[in-house]
Amino acid sequence: MQYISTRGQAAPQSFSEILLGGLAPDGGLYLPQAYPQVTPAELDAWRHLSYAALAFEVLKKFATDIPVADLQAMTARTYTAAVYRNARAGEDATQITPLSVLEKDGEKLLMLQALSNGPTLAFKDMAMQLLGNLFEYTLAKDHAELNIFGATSGDTGSAAEYAMRGKRGVRVFMLSPHGKMSAFQSAQMFSLQDPNIHNIAIRGVFDDCQDMVKAVSNDLAFKTKQKIGTVNSINWARVVAQVVYYFRGYLAATASNAQKVSFTVPSGNFGNICAGHIARMMGLPIDQLVVATNENDVLDEFFRTGVYRVRKSAETLHTTSPSMDISKASNFERFVFDLLGRDGDRVRALFHKVETSGGFDLSGAAGSDGDEFRHIARFGFVSGKSVHADRLATIRDVEARYGVTIDTHTADGVKVAREHVQPGVPMIVLETALPAKFNETIREALGRDAERPAGFDDIELLPQRFQVMDADVAQVRAFILNHTGL
Ligand SMILES: *Cc1c(COP(=O)(O)O)cnc(C)c1O
């Protein structure tokens with residue numbers, strides 16, 4: 001299988017060739033030349049597989065240049081109950097992404113698929129853990145090294161560090177805003193003592209950290225010499241690893257391929273729900289894909305109106321579902337490529353317009369950039385929005401009625417899912433984090449602390465290892481040089 005760029009001007013590449021990279025050279029994002037299809041017979045055969053075996057079957061269709069035995073070994077090592085051990089009481093950890101019924105109202109069924117039982121208690125582990133093994137495997141083959149350099153406000157950085165800790169050939173340099181993460185998030189990252197993990201706390205805000213990563217990445221000579229790479233959400237392997245749990249959720253919720261399900265996905269950078277779109281394009285019987293946003297509603301606006309209007313980073317609101325606080329959705333271009341009939345020239349023009357004029361309009365109104373929004377229903381997408389008051393009310397309601405504590409991002413999902421659930425079509429809400437990660441808001445909603453999985457009780461008391469630095473690119477570069485020895 002070959003991968004092409006959404007902007008139509010990059011040479012096709014194989015899975016392994018794009019694994020360690022980010023954007024295509026023309027500024028686009030990679031997608032398969034054509035989506036592999038699943039047959040009803042395959043779906044039937046997959047009903048009884050373990051998560052790891054299912055992941056192997058799905059990934060085999062995309063990573064066609066990795067020997068199958070190697071891929072099988074990696075998926076088996078990644079998706080084990082030992083890694084996804086933070087299941088709640090009553091959940092079966094061996095399911096990896098256990099599915100449970102949350103609410104039944106006549107023919108309306110709301111289910112919760114737990115994606116957050118991995119080491120950092122957020123769904124980003126699902127993809128990042130596989131990426132860690134894929135990176136180590138690919139680097140070992142070429143006797144190569146990789147220095148991952150990134151910025152985080154919490155979830156992504158910790159998922160990356162837990163996936164890369166102890167991996168041969170990989171170092172991680174992660175910038176975070178000093179004193180701005182929750183105590184739990186800082187403790188999670190800074191308590192890692194692995195010599196290949198470097199946490200740098202920057203005296204500044206998240207945008208300062210991100211600007212420093214951009215400054216270093218724009219220095220191509222430094223980037224090449226220091227073998228700098230990223231693990232941000234546009235990485236294709238991260239997206240494709242997430243396709244698996246849509247198959248898993250579907251197969252767990254249904255008894256025959258004649259049935260359909262819908263998914264509601266708490267969304268920020270559109271990485272998670274993009275994987276749902278890909279599963280649907282492969283032929284998985286998904287009815288609706290419901291995009292749930294918080295106060296930062298760029299995506300909800302698009303899926304209601306056809307107008308994509310990105311916000312300036314200063315306009316991004318800091319909310320109590322912080323991992324969805326985005327001003328532009330970095331994976332959205334992948335969907336737009338399909339919506340526009342895979343016309344790379346049009347995608348290039350529209351995303352150039354995003355840079356120059358802050359957005360585009362596909363509503364078909366006078367003066368708009370196109371009318372392809374009329375095809376939106378064909379792709380199953382709908383959307384909704386949830387704000388702080390909704391979040392608190394939903395957390396309280398779900399706790400009171402069902403005795404289940406959900407995190408703030410999942411609460412946004414449940415709020416929006418209830419607005420879209422249809423009789424006879426199970427609605428699966430993806431649980432993207434465990435509540436312990438966002439305890440401040442759980443206290444506000446419930447007047448008590450969120451329960452913590454075993455082993456996290458005194459995480460704040462563990463010894464911490466991190467550097468504090470000013471927002472000074474030269475200092476960070478010197479630190480990297482010092483630690484890579486390149
Ligand atoms: C990253 C994240 C999201 C948003 O996912 P995207 O793939 O960026 O849309 C939602 N919830 C949580 C808890 C996250 O960490």
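When reading the values below, keep in mind they use all heavy atoms of this one structure, side chains included, and skip hydrogens, waters and symmetry mates.
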Return yes if some donor-acceptor pair links the side-chain N/O of [X] with the main-chain N/O of [Y] below 3.5 Å, else return no.
| X | Y | answer |
| --- | --- | --- |
| D361 | D369 | no |
| R452 | D457 | yes |
| Q129 | T78 | no |
| Y84 | D125 | yes |
| N196 | G166 | yes |
| R85 | A82 | yes |
| K437 | T120 | yes |
| T405 | A450 | no |
| D65 | S16 | yes |
| N439 | A436 | no |

Does atom [atom1] of [X] have more than 12 heavy-atom neighbours from other groups under 6.0 Å away?
| X | atom1 | result |
| --- | --- | --- |
| K225 | NZ | no |
| K61 | NZ | yes |
| K223 | NZ | no |

Go through the side-chain N and O atoms of [X] and [Y] and say whether any donor and acceptor fall under 3.5 Å apart.
| X | Y | result |
| --- | --- | --- |
| Q95 | R248 | yes |
| S233 | S330 | yes |
| N331 | N269 | no |
| N272 | Y245 | yes |
| Q185 | D155 | yes |
| N147 | T484 | no |

Plane angle bin for F270 and F335 - parallel if under 30°, tilted between 30 and 60°, otherwise perpendicular:
tilted
Kindly assign one of parallel, tilted or perpendicular to the pair Y308 and F332, based on the angle between their ring planes and the thresholds 30° and 60°.
tilted
Determine whether [X] and [Y] make a side-chain contact, defined as any pair of heavy atoms from C-beta on separated by less than 4.5 Å.
| X | Y | answer |
| --- | --- | --- |
| L59 | V240 | yes |
| L289 | F379 | no |
| L340 | L362 | yes |
| T75 | Y51 | no |
| I228 | F222 | yes |
| M181 | S153 | no |
| R391 | T319 | yes |
| L54 | V244 | yes |

Residues E57, K60; criterion salt bridge (charged side-chain N to carboxylate O under 4.0 Å, His left out); working and verdict:
CA-CA 5 Å; E57 294 296 337; K60 198 165 67 170; 3.3 Å; yes
Kindly say whether the aromatic ring centers of F123 and H409 come within a distance under 6.0 Å.
no
Taking the six-membered ring for Trp and the full ring for Phe, Tyr or His, determine whether the centres of F360 and F351 are under 6.0 Å apart.
yes
Are D194 and R165 within salt-bridge range, i.e. N to O under 4.0 Å?
yes
Using salt bridge (Lys or Arg N to Asp or Glu O under 4.0 Å) as the criterion, point out the one residue from R348, R346, R7 that pairs with E333.
R7
With S386, the side chain to side chain donor-acceptor pair (under 3.5 Å) member among D412, D300, T293
D412
Is NZ or CZ of R342 both nearer than 6.0 Å to the six-membered ring centre of Y35 and within 45° of the ring axis?
yes
The reported gap from OH in Y3 to CZ in F62 (rounded to nearest 0.5 angstrom) is 6.0 Å
